[in-house]
Amino acid sequence: MKKFVRKYRKFIAILGILILAAGTFHSDFLSFAAPSTQQQIDAAEKEKEELENQQSATEDELTGLKIERDSLQGQLNELNYTLNDVCANLEDLEDRIMLKTKDIQDAETALNEAIEEEEYQYACMVIRLRAMYERYDGSFLNSILSVGSLEDLLNVADYYEAVASYDREKLKEFKENRALIEEEKLRLEGEYAELETLQAAAEEERIKVAELIEQTQTTITEYQSSIADTEAEIEAYEAAIKKKEEDLEYLYKVLEEEKRLSQLAANSTWRDISDITFTEDDRYLLANLIYCEAGGEPYEGQVAVGAVVINRLLSSRYPDTLSGVVYQPWQFSPAASGRLALALANNKATASCYKAADEAMSGYSNVGNCVYFRTPIPGLTGIQIGGHIFY
């Protein structure tokens with residue numbers, strides 16, 4: 001679900017912004033929704049403020065995402081440095097193991113040679129001894145007895161002793177050399193085992209660091225995607241805010257035009273109320289319009305709304321029938337939004353609304369020649385009754 005939201009986040013966010021931005025725009029849209037100009041201004045300003053707040057929050061989110069991404073990038077750099085060190089350590093261990101393997105092989109060769117030399121020397125010693133003891137009729141005693149003088153006897157004894165001493169020393173030397181080689185071989189094998197242990201640990205660390213790098217890179221990619229989506233949201237907010245500003249500029253122009261038309265209406269030719277004949281349908285229509293526009297207003301406000309409708313009817317600037325005034329495009333929002341149709345279908349008008357309609361149709365006006373009304377806004381002057389400004 002998280003991946004789905006992340007994947008379609010940009011589309012969802014931009015769609016929401018466009019829906020939020022699609023409030024009150026130009027006249028082709030107003031012909032369908034037709035809220036009052038002031039209602040459109042209020043709604044547009046509120047939506048613009050909401051868009052700005054959401055843009056600000058999204059920019060904060062973007063800053064946080066970039067901080068997290070940069071932090072992860074720093075971690076990734078450290079992990080890459082660590083991986084390089086681990087790989088370098090592995091290469092060093094491999095080189096040392098290769099050298100140690102060669103040393104062990106050399107030691108084994110030397111040991112084999114020492115063993116062969118020892119065996120060879122031992123065989124030579126046996127041959128020499130056998131040759132000496134068998135020299136005189138095959139008997140050492142005979143060789144001693146066969147000498148001609150004491151001097152010769154001593155010489156023979158010394159010879160045998162020298163040969164025996166030499167053989168003993170050589171045999172001892174070979175054994176000691178063999179023991180040293182065996183000891184060196186054991187030492188090398190121990191070091192080799194230690195190197196293999198270090199190599200296994202380094203390889204395990206390399207795998208672990210590589211996995212962390214892969215995970216970090218994946219997370220950074222996800223942050224990059226979120227950052228791109230968030231930047232797209234901000235761009236959409238900026239576009240929506242710009243559109244709202246254009247709409248507000250347009251609506252303010254509409255408001256100024258309404259003021260101008262109000263002044264023109266005041267200066268135009270006006271019919272006398274006695275020249276107009278109202279039907280019961282006119283009374284029914286006006287009472288229900290008053291209900292829709294000012295049902296929650298005080299009675300004076302209801303009369304004022306009715307007076308605005310009658311003022312338009314009397315002015316040459318507007319249609320010359322009450323229904324024509326009420327249903328003139330983009331003027332009274334309940335007529336365009338469907339509220340008036342519902343009120344007429346169910347006769348929602350209260351007794352005070354009918355009374356206000358009767359007063360207005362009699363020619364009474366508590367707002368003079370005003371032909372517009374709306375909720376108060378800064379800079380708009382007129383007659384305020386309840387929650388409306390009449391101008």
Side-chain angles (χ1 to χ4, degrees), residues 23-24 27 29-43 254 258 261-262 265 270-376 382-391:
T24 53
S27 58
F29 178 81
L30 295 175
S31 63
F32 293 95
S36 70
T37 306
Q38 181 53 47
Q39 288 173 329
Q40 296 174 56
I41 290 173
D42 292 343
V254 171
E258 288 179 357
L261 292 175
S262 177
W270 286 65
R271 291 186 291 173
D272 191 273
I273 190 70
S274 61
D275 295 334
I276 300 175
T277 301
F278 294 103
T279 65
E280 185 61 31
D281 288 340
D282 291 333
R283 180 174 181 266
Y284 187 77
L285 177 60
L286 182 57
N288 278 278
L289 177 64
I290 291 172
Y291 167 80
C292 291
E293 292 282 16
E297 294 291 315
Y299 177 70
E300 291 78 5
Q302 295 175 356
V303 173
V305 169
V308 165
V309 176
I310 300 302
N311 284 344
R312 291 192 179 198
L313 180 61
L314 296 176
S315 172
S316 60
R317 306 290 303 182
Y318 295 93
D320 58 2
T321 63
L322 192 140
S323 61
V325 169
V326 170
Y327 290 108
Q328 185 179 11
W330 317 328
Q331 300 304 311
F332 297 99
S333 60
S337 67
R339 286 185 60 220
L340 178 58
L342 290 174
L344 290 170
N346 297 282
N347 191 20
K348 290 289 188 178
T350 62
S352 65
C353 292
Y354 275 104
K355 183 180 177 182
D358 290 337
E359 274 207 72
M361 288 189 296
S362 72
Y364 173 74
S365 174
N366 57 353
V367 290
N369 292 333
C370 292
V371 290
Y372 286 98
F373 65 91
R374 67 182 68 260
T375 53
I383 302 170
Q384 182 163 357
I385 302 176
H388 289 133
I389 293 285
F390 294 84
Y391 58 99

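Quantities reported herein were computed from a predicted structural model and do not represent experimental measurements.
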Distance-only, no hydrogens or angles: does the E359 side chain make a donor-acceptor pair with backbone N or O of A357 under 3.5 Å?
no
Flag, side chain of D320 to backbone of L313, donor-acceptor distance under 3.5 Å:
no
Could you go step by step and tell me if R312 and Q331 meet the side chain to side chain contact (heavy atoms under 4.5 Å, CB included) rule?
CA-CA 11 Å; R312 291 192 179 198; Q331 300 304 311; 2.8 Å; yes
Relative to each other, are the rings of Y391 and Y372 parallel, tilted or perpendicular (30° and 60° limits)?
parallel
Could you tell me whether a side-chain N or O of R339 sits under 3.5 Å from a main-chain N or O of C292, the two making a donor and an acceptor?
yes
Find out whether N311 and W270 are in side-chain contact, i.e. whether some heavy atom of one side chain is under 4.5 Å from a heavy atom of the other.
yes
Quick one: salt bridge (Lys or Arg N to Asp or Glu O under 4.0 Å) partners of D358, sequence neighbours excluded?
R283
Check the pair L285 / S323 against side chain to side chain contact (heavy atoms under 4.5 Å, CB included), numbers first and verdict last.
CA-CA 8 Å; L285 177 60; S323 61; 4.0 Å; yes
Going by atom types only, do D281 and T279 share a side-chain donor-acceptor pair under 3.5 Å?
no
Closest heavy-atom pair and its distance - A360, A307
CB-N, 3.7 Å
How far apart are the closest heavy atoms of E293 and P334, and which atoms are they?
OE2-CD, 3.1 Å
Using the side chain to side chain contact (heavy atoms under 4.5 Å, CB included) rule, pick out the option among L344, L322, L340 that qualifies with L289.
L340
